[in-house]
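These notes concern the structure reproduced below.
Being a predicted model, the structure only gives us computed values, none of them experimental.
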Amino acid sequence: MQVDLSKYNNSWYKPGSVVKRFLWHYVNLLFFRSGVFPFYGIKVFLLKLFGAKIGKNVLIKPHVNIKYPWFLTLGNNIWIGENVWLDNLGEISMGNNVCLSQGALLISGNHDYTNTSFDLIVKPIVLEAGVWICAKAIICGGAICKSHCVITAGSVVSSQTEPYGIYTGNPAVKIKTRVIG
């Protein structure tokens, strides 16, 4: 058997109306992906306008790419660093006090490489309270980063972590326990 992309069909996937996606594309481009507009309050307002559920004190740096804000839930005191990409084809939720460092990638969509039609797979991502996703780390669909865990720079998580665990590598493995003093 071989992959045949001409058979690809994701007609079941309905991420929102064409108009809503079109409008968001340009709002995202102008206010989030560019470095021209650094004001946090307006960004939060726009995300809420497009259906995101957002707590207080959310800081979103320049050059952030968000696929679909209506699939996004952010708690209080969230920091999202430069060049973060939330490729949220499915739900991404973050508890309070979560930090996403520069270049982190959260990607909730993937493809079934065992199927000849390479079908789309969409799974949620959950980041519980106090999680730190370090620079250029990748969090895949289906991942649950438990309370206060740390995912070190460049690491890849595709499953569930332990609370207060510090994870590194690809695939990420626990190297020690986080102690907060």
Side-chain angles (χ1 to χ4, degrees), residues 3 13 15 28 32-35 38 40 43-44 47 52-55 57-115 118-181:
V3 170
Y13 181 66
N28 189 35
F32 291 85
R33 291 180 65 185
S34 81
Y40 305 133
K43 290 178 182 182
V44 168
L47 286 171
K53 298 169 200 74
I54 300 182
N57 196 30
V58 173
L59 306 178
I60 302 170
K61 294 288 190 168
H63 306 289
V64 169
N65 188 11
I66 300 171
K67 179 70 98 182
Y68 298 133
W70 46 94
F71 293 146
L72 184 61
T73 301
L74 303 176
N76 299 319
N77 309 311
I78 303 289
W79 295 353
I80 299 177
E82 291 90 349
N83 298 308
V84 166
W85 183 6
L86 302 179
D87 193 18
N88 58 332
L89 296 174
E91 292 287 334
I92 292 179
S93 65
M94 298 179 209
N96 298 330
N97 303 299
V98 169
C99 176
L100 304 180
S101 292
Q102 297 82 351
L105 170 61
L106 281 65
I107 185 162
S108 62
N110 205 339
H111 294 278
D112 183 354
Y113 62 86
T114 67
N115 191 302
F118 207 54
D119 294 337
L120 178 65
I121 299 170
V122 177
K123 294 181 181 178
I125 294 173
V126 176
L127 306 181
E128 293 183 357
V131 167
W132 178 19
I133 307 299
C134 297
K136 301 215 174 191
I138 300 171
I139 310 300
C140 300
I144 301 172
C145 294
K146 300 300 264 181
S147 176
H148 293 83
C149 77
V150 175
I151 310 304
T152 63
S155 297
V156 179
V157 174
S158 59
S159 59
Q160 183 169 304
T161 66
E162 294 177 20
Y164 291 86
I166 299 175
Y167 289 80
T168 193
N170 179 7
V173 293
K174 183 178 176 187
I175 56 169
K176 60 183 174 178
T177 299
R178 180 181 188 182
V179 178
I180 300 174

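Annotation: the span from L106 atom CG to N88 atom CG amounts to 9.0 Å, rounded to 0.5 Å. How far CG of D119 is from OG1 of T114: 8.5 Å, rounded to the nearest 0.5 Å. With rounding to the nearest 0.5 Å, the separation of CD1 in I78 from OH in Y40 is 14.0 Å. Interatomic distance, D87 CG to S108 OG, rounded to the nearest 0.5 Å: 6.5 Å. Between the NZ atom in K53 and the CZ atom in F71 there is a gap of 9.5 Å [rounded to 0.5 Å]. To the nearest 0.5 angstrom, N83 atom CG is 10.5 Å from R33 atom CZ.
With a 4.5 Å cut-off on side-chain heavy atoms, W79 and K61 do not count as touching.
When atom types are taken as modelled, the side chain of E128 and the backbone of S147 share a donor-acceptor pair closer than 3.5 angstrom.
If you run side-chain contact (heavy atoms from CB on, under 4.5 Å) between C145 and each of V98, I133, V126, only I133 comes through.
Across all their heavy atoms, G141 and I125 have their closest contact at CA-CG1, 3.9 Å.
Side-chain N/O atoms of N96 and N77 include no donor and acceptor closer than 3.5 Å. Under the 3.5 Å distance criterion, with hydrogens and angles disregarded, no donor-acceptor pair is assigned to the side chains of N57 and N76.
For K176, the NZ atom sits in a loose shell: 12 or fewer heavy atoms of surrounding residues, nucleotides or ligands are nearer than 6.0 Å. Atom CH2 of W85 sits in a sparse spot, with 12 or fewer heavy atoms from other residues, nucleotides or ligands closer than 6.0 Å.
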Subject >> Verdict with reasoning, L47 to I60, per side chain to side chain contact (heavy atoms under 4.5 Å, CB included) >> reply: CA-CA 11 Å; L47 286 171; I60 302 170; 3.4 Å; yes
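Relative ring orientation between H148 and Y164 is described as parallel, the plane-to-plane angle staying below 30° on a 0-90° scale split at 30° and 60°.
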